[in-house]
Amino acid sequence: MLYQYFLQYQWNGAWGMESRSLGGMNFRKRILELNGYDLYIGIGTFHQREIWNYAGVSDISKIPPNPKSIKDIQLRTNFYVKGAIKLTPKCDFVCQTYFQSNALALFSNPCFRWFWSSEIVYNITNNWMLGFNYDHTFFQKVPVTIDKFFYGYTGNISLKF
């Protein structure tokens, strides 16, 4: 079992998330590492501070008069699974999913989020990689009146030193 400490900062203008800062700790356990396969699970907790506005709300009738930013500060639980498969000597398929919920009201008002990410990574050379990614986020309860489900596709070229 490994301890995993983390800090994160993000924003998403399309959602109206002005900022999200968090810090926490997970306990991480390797379940499998064998012939090009690996599987890890993690569980932990973190403190989160978010600031939301109504920029991501598409239906203006759902925006209150004189809207103000909403602060959401919570202690949250975190559970994740990460797995990878080596498809060829130069190509990996990696998936990870996170399930996060309100720690202090886990059963009465869990307020969960579910994030999924899948990526195919092709090593062009030892230093250059090509990646194709799909991810989605589901919010059970969003602080502002935006959609609960978002997804996206990306492609990238990476240089590793």
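Any value given below was found using the heavy atoms of this structure, including those in side chains, with hydrogens, waters and symmetry copies removed.
- At distances below 3.5 Å, at least one donor-acceptor pair connects side-chain atoms of N12 with backbone N or O atoms of W15.
- Under the 4.5 Å side-chain heavy-atom criterion for Ile, Leu, Val, Met, Phe, Trp and Tyr, F132 and M129 are members of distinct hydrophobic clusters.
- Rounding to the nearest 0.5 Å gives a distance of 6.5 Å between CG of N123 and CG of D92.
- The minimum heavy-atom distance linking Y54 with P67 is given by the pair CD1-CB, 3.6 Å.
- Across all their heavy atoms, C91 and I120 have their closest contact at SG-CG2, 3.6 Å.
- Here the two rings, on Y98 and F79, have centers that are 6.0 Å apart or farther.
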- Pair I124-Y122, side chain to side chain contact (heavy atoms under 4.5 Å, CB included): steps then yes or no: CA-CA 6 Å; I124 301 167; Y122 181 77; 3.9 Å; yes
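- Between I51 and M17 there is no side-chain heavy-atom pair separated by less than 4.5 Å.
- Smallest separation of non-hydrogen atoms from S108 and P110: C-CD, 4.0 Å.
- Donor-acceptor pairing under 3.5 Å is lacking for the side chains of N102 and N109.
- D59 and S61 share a donor-acceptor pair across their side chains, judged by distance under 3.5 Å alone.
- Checking side-chain atoms of N127 against main-chain N and O of K160 turns up a donor-acceptor pair under 3.5 Å.
- Residues F150 and D147 come closest through the heavy atom pair CE1-O, 3.2 Å.
- Annotation: cation-pi pair R28/Y40 present, NZ/CZ under 6.0 Å from the ring centroid and within 45° of its normal.
- In terms of the side-chain contact (heavy atoms from CB on, under 4.5 Å) criterion, F107 has no residue partners (sequence neighbours excluded).
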- Message: Test side chain to side chain contact (heavy atoms under 4.5 Å, CB included) on N26 and F6; report intermediate values, then the result.
- Response: CA-CA 8 Å; N26 288 326; F6 57 91; 3.5 Å; yes
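- Looking only at side-chain heavy atoms (C-beta outward), I70 and V144 come within less than 4.5 Å of each other.
- Residues I31 and Y37 fall within the same hydrophobic cluster, defined by Ile, Leu, Val, Met, Phe, Trp and Tyr side chains chained together at heavy-atom separations under 4.5 Å.
- The OG atom of S19 sits 9.0 Å away from the NZ atom of K71 when rounded to the nearest 0.5 Å.
- F138 places a side-chain heavy atom less than 4.5 Å from the side chain of F112.
- No donor-acceptor contact under 3.5 angstrom links the side chains of T137 and W114, judged on distance only.
- Separation of atoms CG (D38) and CD (E33) is listed at 5.5 Å; rounding is to 0.5 Å.
- Both L34 and I85 are members of a single hydrophobic cluster when ILVMFWY side chains are connected at heavy-atom separations under 4.5 Å.
- How far NE2 of H47 is from CG of L75: 7.0 Å, rounded to the nearest 0.5 Å.
- When the side chains of ILVMFWY residues are joined at heavy-atom separations under 4.5 Å, either directly or via intervening members, I60 and V142 end up in a single hydrophobic cluster.
- Under the 30°/60° scheme for interplanar angles, the aromatic rings of Y151 and F149 are found to be tilted.
- Here the two rings, on H136 and Y134, have centers that are under 6.0 Å apart.
- With no hydrogens or angles considered, a side-chain donor-acceptor pair links S69 and E18 at under 3.5 Å.
- Other residues, nucleotides and ligands contribute only 12 or fewer heavy atoms inside 6.0 Å of the CD1 atom of I157.
- Side-chain polar atoms of R20 and Q48 form a donor-acceptor pair below 3.5 angstrom.
- The heavy-atom pair separating T97 from F115 by the smallest distance is OG1-O, 2.9 Å.
- For K148 (side chain) and Q140 (main-chain N/O), a donor-acceptor pair under 3.5 Å exists by modelled atom type.
- The shortest non-hydrogen separation linking A84 to V94 is CB-CG2, 4.0 Å.
- Looking only at atom types and distance, the side chain of T77 has no donor-acceptor partner in the side chain of T45 under 3.5 Å away.
- Between the side chains of D135 and S118, no donor-acceptor pair is found at a separation under 3.5 Å.
- Salt bridge annotation for R49-D72: absent, with no cationic side-chain nitrogen under 4.0 angstrom from a carboxylate oxygen.
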- Take N78 and I43, measure what side chain to side chain contact (heavy atoms under 4.5 Å, CB included) needs, and give me the verdict at the end. CA-CA 6 Å; N78 186 41; I43 190 166; over 6 Å; no
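- Residues Y3 and M25 have side chains in contact (heavy-atom distance under 4.5 Å, counting atoms from C-beta outward).
- Here the side chain of E119 pairs no donor or acceptor atom with the backbone of N133 at under 3.5 angstrom.
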- Item | Stepwise side chain to side chain contact (heavy atoms under 4.5 Å, CB included) check, R113 with R76 | CA-CA 10 Å; R113 288 184 187 164; R76 295 181 64 80; 4.0 Å; yes
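- Hydrophobic cluster membership is shared by M1 and Y5, with clusters built from Ile, Leu, Val, Met, Phe, Trp and Tyr side chains linked at under 4.5 angstrom.
- If you take SG on C111 and CD on Q74, they are separated by 5.5 Å, rounding to the nearest 0.5 Å.
- With ring centers used as reference points, Y80 lies 6.0 Å or more from F99.
- The number of heavy-atom neighbours closer than 6.0 Å to NZ of K86, taken from other residues, nucleotides and ligands shown, is above 12.
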